[in-house]
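Down below is the structure, laid out as structure tokens.
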Amino acid sequence: MPEHQSQTALPNTGSPQRARTPALAESVLSARQQQVLMLQRTLGNRSTLRLVSSAPRVQREGEGETAPDETAPVERWTQTDRDMLAAFANDEMVIGSYQAGIVPRAINHLTQPDYEQFRALLDNASSDLERAYICKALAAGRNLTDLSRFAGRINGRSERWLRRNLTLVNPNGGGGGVTQQYSDSCAPTTEQALHGQFDPIYALDLRSSGNIAQQTPNALSDPSSLANSREAREQRNLLTNGGGALADRATGGGAGMSDTNYRAMVNRLANTTGISYRARYIPTDLTWAQAFRRMNRGLDAGISMPAGVTGSGGGGHAVLLTQREGRRYQIHDPWTGETVWRTRDDFRNNTLNLPSGWNQMDMIMVPSEIELGRYSEDESVTNARVGAELDALDV
Amino acid sequence: MTPDPFRDYTREEQLALDLTDLFDDGLRAPDGRMRPEVQGIGMTAAALQAIEEGVPLEFVGLMLTNARENDLQTTREHPEDLTEEVDECCPKFASLIRSAVQSCRDEAEYRMLVQWIANVHQTMSAHRLAHG
């Protein structure tokens with residue numbers, strides 16, 4: 001008898017396909033699957049994005065009444081691991097619930113030798129904060145070679161060091177974040193900041209290439225004045241490949257990227273972020289109330305959101321929404337590398353007064369779909385469906 | 001022994017230089033510019049000795065990033081912002097940087113130190129390009 005028909009205690013419902021009626025399905029589905037079903041039914045009533053992405057994939061220890069199946073594979077992501085990451089649930093700048101939700105799936109896709117190596121990295125880490133960053137790097141799609149190098153470098157580092165050097169924006173507000181080196185490289189710089197928000201290895205590597213916060217006045221005409229040539233090279237390539245034109249900060253006269261190219265650029269980071277962003281304009285596509293809801297949902301899950309600001313004289317500037325506290329939102333302004341907190345009233349009244357001088361946010365990029373293709377299992381289908389329904393809600 | 005800025009040093013001599021006292025008189029000369037023995041032979045000797053000690057280039061890059069972000073007061077309160085990585089692996093270089101921070105008398109002199117670290121970083125980068 002085929003193994004999938006061995007549950008003789010169940011009523012005879014015909015083919016396995018038909019067995020997926022709600023009444024029967026809930027009796028045979030795992031707790032995880034039941035949770036997803038429940039979420040699908042209640043979609044729209046809460047932050048499904050956050051809940052689904054953070055739902056643990058494996059059964060909890062001690063869950064259920066039956067004796068452990070000794071032939072089952074050893075659980076790779078334990079309750080202890082979940083508790084460890086859960087301790088950072090309200091610390092989106094370390095690892096948000098979105099990336100934390102990717103970790104179990106990523107771990108289950110490791111080969112056994114890679115898993116053992118990864119487990120050793122966690123065991124050897126000096127603190128849970130280190131472990132969280134190692135998990136974050138895994139969620140960003142890093143391989144074991146990168147993870148091993150990274151874990152070695154951060155081993156034993158202080159909390160102050162970790163929090164400071166594993167991001168490209170200043171989470172405490174103020175300067176020091178990644179800064180545009182050319183007159184019109186705001187969008188590429190925002191892409192760098194976004195990349196650093198998801199991938200601590202990228203952040204550390206870029207910071208280790210030299211000062212990321214220098215406002216070089218003549219980066220184009222005098223490249224020797226650059227403090228971080230990698231930072232500038234990446235901005236140069238992203239800008240020119242995105243249809244922009246280079247110019248010195250001191251003189252201006254270059255050209256920025258269109259919103260279409262800006263969005264395409266940040267979406268090319270999907271291998272790292274797992275996210276596809278959609279540009280939503282305010283007030284054309286979204287009221288401020290709708291925009292705030294989307295900002296809350298993304299930022300609360302630890303998903304930074306690229307955005308655009310403009311002014312009465314036209315033109316525009318790219319910035320990154322990085323976190324929120326209640327009704328305040330933090331914005332990274334790439335012109336100066338500063339992060340600033342602004343209230344909802346500042347957004348609504350076009351009085352942002354950013355360090356770059358811009359006042360009016362007119363576009364946010366909403367994470368419209370969670371792409372879990374690289375961890376393709378049943379969850380990826382579920383999440384794609386949820387993503388599509390979130391899209392529908394977004395209209 | 002403070003290096004003599006008015007003579008050439010071989011590579012071996014630079015590696016053998018004792019830089020312990022390099023910053024005893026600060027970085028700034030009375031004319032307001034960086035002291036020549038600090039800027040010239042002191043800088044290249046520090047870079048060569050850092051390479052010899054095995055200081056990874058990216059550690060100096062990160063040190064530079066954090067040094068530029070800090071002001072003097074913050075760095076005085078948290079010298080580990082600059083040296084936390086090298087304290088562990090490369091104590092000689094870490095000690096040199098710590099003594100340099102201690103010698104800074106004001107913010108302007110600290111900015112001079114940041115420029116000095118940038119020059120060390122640049123020299124190490126050039127060395128890596130030339131020698132792999």
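A note on names: the letters A, B, ... follow the listed sequences, proteins ahead of strands, and every chain is numbered from 1. Keep in mind it's a predicted model, so treat the numbers as computed, not measured.
- Of the listed residues A:Ser158, A:Gly174, A:Ala227, A:Gly337, the one with more heavy-atom pairs under 4.5 angstrom with chain B than any other is A:Ser158.
- The existence of a salt bridge linking A:Arg160 and B:Glu84 is excluded, since no basic side-chain nitrogen approaches an acidic carboxylate oxygen closer than 4.0 Å.
- Considering only heavy atoms from C-beta on, B:Leu62 comes within 4.5 Å of A:Arg153 through its side chain.
- A distance of 8.5 Å separates CG in B:Asn66 from CH2 in A:Trp161, rounded to the nearest 0.5 Å.
- Looking at residues two or more places apart in sequence or on another chain, you find no salt bridge (charged side-chain N to carboxylate O under 4.0 Å, His left out) involving A:Asp114.
- B:His121 NE2 to A:Ser209 OG: the interatomic distance, rounded to the nearest 0.5 Å, is 7.0 Å.
- More than 12 heavy atoms of other residues, nucleotides or ligands lie within 6.0 Å of CD in B:Glu77, so this atom counts as buried by the packing criterion.
- More than 12 heavy-atom neighbours from other residues, nucleotides or ligands sit within 6.0 angstrom of CG on B:Asp24.
- Of the atoms belonging to A:Arg164, it is side-chain heavy atoms, and not backbone ones, that fall under 4.5 Å from chain B.
- Interatomic distance, CD of B:Gln122 versus OG of A:Ser224, reported as 8.0 Å (0.5 Å rounding).
- More than 12 non-hydrogen atoms from other residues, nucleotides or ligands lie less than 6.0 angstrom from CD of B:Glu80.
- When B:Glu85, B:Glu69, B:Glu58 are each tested for a salt bridge (Lys or Arg N to Asp or Glu O under 4.0 Å) with A:Arg207, only one passes: B:Glu69.
- Within a 6.0 Å sphere centred on CZ of B:Arg76, other residues, nucleotides and ligands contribute more than 12 heavy atoms.
- Heavy-atom neighbours of B:Glu88 CD from other residues, nucleotides or ligands within 6.0 Å: at or below the threshold of 12.
- Side chain of B:Thr65 to main chain of A:Gly210: a donor-acceptor pair is present (N/O by atom type, distance under 3.5 Å, no hydrogens or angles).
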